[in-house]
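One structure is given below, encoded as structure tokens.
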Amino acid sequence: AFGWPATHGVAGAQSHYTIGNNTDAYDDRTSTVTGTGSGDNSERAFGDTGLIFNDPFNTDVTATGTNGSIFAAVTNLFYWANIIHDVTYQYGFDEASGNFQVNNYGNGGVDGDSVRSEAQDGSGTCNANFSTPSDGGRGRMQMYVCGTRDGDFDNGVIAHEYGHGISNRLTGGAGNAGCLNRFTHPEQMGEGWSDFYGLLLTMEVGDSRTDSRGIGTWLVGQGPNGAGIRPTPYSTDFGVNGTTYSALPSSVVPHGVG
């Protein structure tokens, strides 16, 4: 109701940086240990008084003189974390259900748990992750670079990672975010559910259920029609995706199984 860059319950922007009620997005290239890092304004993207974020973007984050397009990456991560928050709010992932907000505006749940959205995180490569403490603890989304590509520009991967935060808090309840721990329940559906969010939120007009949709195609340097990182692309066409439950015994946990 008060806009993304605000936590104080007053109409209008509280900040002109990529921080707000739902997420704090920032450059985390200096982080070399999983779970560390915190944002400050020097690490966040800046929008002018009109909240126009217009940082240069190069598809090759190793290109000379581009600073890795880091602030474009931070902006895209901020945008998508907020979009996913807003869309899923309409379908029940609200304050009382344990969503991620600094200020819950008296609508239930525990305050103080916006997502730390970490762009070009220095603790890994060619992957991404989302850690989910119980309601009141801040989620952490770590996006990585893979060669010349930046996961912060793979919108399906962003939605996938945030999807773990959603399913972790909804499945066992907001106070039991470890319910889907894959090490004790390896045949859980978190990976598949997260892919669903990625596919749903990146649909385009004209898409069909029989289309071939890959996950992580941008991150690993494939074109939009690439096979992606799963054993098969997603499609209702069995000629494209013939996977059935009979494939589970030989599938890799967790990504192949999910």
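If you read the sequence from its start, that first residue is 1, and numbering goes on from there. Below, each value reflects all heavy atoms present in this structure, side chains not excepted, and no hydrogens, waters or symmetry copies.
- Remark: side-chain polar atoms of Asn76 are not paired, donor with acceptor, to backbone N or O of Ala72 under 3.5 angstrom.
- The minimum heavy-atom distance between Ala73 and Asp150, with the atom names listed, is CB-OD2, 3.3 Å.
- In this structure a side-chain-to-backbone donor-acceptor pair under 3.5 Å is missing from Asn22 to Gln101.
- Without hydrogens or angle criteria, Thr236 side chain to Arg209 main chain gives a donor-acceptor distance under 3.5 Å.
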Test Leu180 against Thr132 for side chain to side chain contact (heavy atoms under 4.5 Å, CB included), laying out the working first. CA-CA 11 Å; Leu180 283 174; Thr132 318; over 6 Å; no
Decide side chain to side chain contact (heavy atoms under 4.5 Å, CB included) for Asn155 and Leu201; before the verdict, give the C-alpha distance in whole Å, the side-chain angles of both, and the deciding distance to 0.1 Å. CA-CA 8 Å; Asn155 301 330; Leu201 291 167; over 6 Å; no
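- Checking each of Asp152, Asn58, Val74, Thr75 against Ser69 for a side chain to side chain contact (heavy atoms under 4.5 Å, CB included) leaves exactly one that passes, namely Asn58.
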From CA spacing to verdict: side chain to side chain contact (heavy atoms under 4.5 Å, CB included), Phe238, Thr244: CA-CA 10 Å; Phe238 266 69; Thr244 65; 4.1 Å; yes
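- Cluster membership for Val102 and Val115, using ILVMFWY side-chain heavy atoms within less than 4.5 angstrom, is not shared.
- Within a 6.0 Å radius of CG in Asn54, no more than 12 heavy atoms belonging to other residues, nucleotides or ligands are found.
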Working for side chain to side chain contact (heavy atoms under 4.5 Å, CB included), residues Gln120 and Val61: CA-CA 10 Å; Gln120 298 184 13; Val61 296; 4.2 Å; yes
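- Under the 4.5 Å side-chain contact rule for hydrophobic residues, Trp4 and Val87 share a cluster.
- Using a 4.5 Å cut-off on side-chain heavy atoms (C-beta onward), Asp195 and Arg230 make contact.
- You'll find the side chain of Leu77 stays beyond 4.5 Å of the side chain of Thr23, heavy atoms only.
- Contact detail for Val110 and Asp135: the closest heavy-atom pair is N-OD2, 3.0 Å.
- Expressed to the nearest 0.5 Å, how far CG of Asn176 lies from OG1 of Thr171 amounts to 9.5 Å.
- The closest side-chain heavy-atom distance from Tyr197 to Thr88 is below 4.5 Å.
- With hydrophobic clusters built from ILVMFWY side chains whose heavy atoms lie under 4.5 angstrom apart, Val157 shares a cluster with Tyr79.
- Aromatic ring orientation, Phe78 versus Phe53: tilted (interplanar angle from 30° to 60°).
- Between the side chain of Gln222 and the backbone N or O of Ala227 there is at least one donor-acceptor pair closer than 3.5 Å.
- Residue Phe46 holds its CZ atom at 11.5 Å from CZ of Phe71, rounded to the nearest 0.5 Å.
- The closest donor-acceptor contact from the side chain of Asp211 to the backbone of Ser208 lies under 3.5 Å.
- Remark: Ile70 CD1 to Arg44 CZ distance equals 13.5 Å, nearest 0.5 Å.
- Minimum heavy-atom separation, His16 to Leu51: ND1-CD2, 3.5 Å.
- Closest non-hydrogen pair, Thr62 versus Thr148, comes out as OG1-CG2, 3.9 Å.
- Closest approach of Gly163 and Ser194 over heavy atoms only: C-OG, 3.3 Å.
- Atom CG in Asn82 sits 14.0 Å away from atom OH in Tyr89 (nearest 0.5 Å).
- For Ser114 (side chain) and Asp24 (main-chain N/O), no donor-acceptor pair under 3.5 Å exists by modelled atom type.
- Considering only heavy atoms from C-beta on, Trp218 comes within 4.5 Å of Thr59 through its side chain.
- Looking only at distances, a side-chain donor or acceptor of Arg169 sits under 3.5 Å from a matching main-chain atom of Gly98.
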Between Arg140 and Asp28, does a salt bridge (charged side-chain N to carboxylate O under 4.0 Å, His left out) hold up when you go through it step by step? CA-CA 12 Å; Arg140 185 184 301 275; Asp28 204 39; 5.5 Å; no
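- Here the CD1-CH2 distance, from Ile166 to Trp193, works out to 12.0 Å after rounding to the nearest 0.5 Å.
- Separating the OH atom in Tyr17 from the OG atom in Ser42 is a distance of 9.0 Å, to the nearest 0.5 Å.
- Put simply, Val257 and Tyr245 are part of the same group of oily side chains (I, L, V, M, F, W, Y) that touch within less than 4.5 Å, one to the next.
- Note on Leu248: it does not cluster hydrophobically with Val252, by side-chain heavy-atom contacts below 4.5 Å among ILVMFWY residues.
- In summary, the side chains of Glu95 and Asn104 do not present any donor paired with an acceptor at a separation below 3.5 Å, with no hydrogens or angles considered.
- If you run side chain to side chain contact (heavy atoms under 4.5 Å, CB included) between Phe130 and each of Met143, Met141, Gln142, His160, only Met141 comes through.
- Heavy-atom minimum distance, Ser212 versus Pro233: OG-CB, 3.2 Å.
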Given side-chain hydrogen bond (donor to acceptor under 3.5 Å, both in side chains), test Tyr26 with Glu118 step by step and report yes or no. CA-CA 6 Å; Tyr26 51 88; Glu118 301 182 335; 2.6 Å; yes
Please test Asn129 against Tyr144 for side-chain hydrogen bond (donor to acceptor under 3.5 Å, both in side chains), starting from the C-alpha separation and ending with a verdict. CA-CA 9 Å; Asn129 61 64; Tyr144 301 133; 2.9 Å; yes
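- Checked by atom type and distance alone, the side chain of Ser97 pairs as donor or acceptor with a backbone atom of Gly92 at under 3.5 Å.
- In this structure, the side chain of Asp27 does not engage the main chain of Glu43 through any donor-acceptor pair within 3.5 Å.
- Contact check for Val220 versus Ile229: side-chain heavy atoms found under the 4.5 Å cut-off.
- In this pair, Phe100 and Phe93 present their aromatic rings perpendicular. The plane angle is above 60°, beyond the 30 to 60° band.
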Working note: Arg213 + Thr202, criterion side-chain hydrogen bond (donor to acceptor under 3.5 Å, both in side chains); need CA distance, chi angles, decisive distance, verdict. CA-CA 10 Å; Arg213 296 284 308 277; Thr202 58; 2.8 Å; yes
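- Checked by atom type and distance alone, the side chain of Asn241 never pairs as donor or acceptor with a backbone atom of Thr232 at under 3.5 Å.
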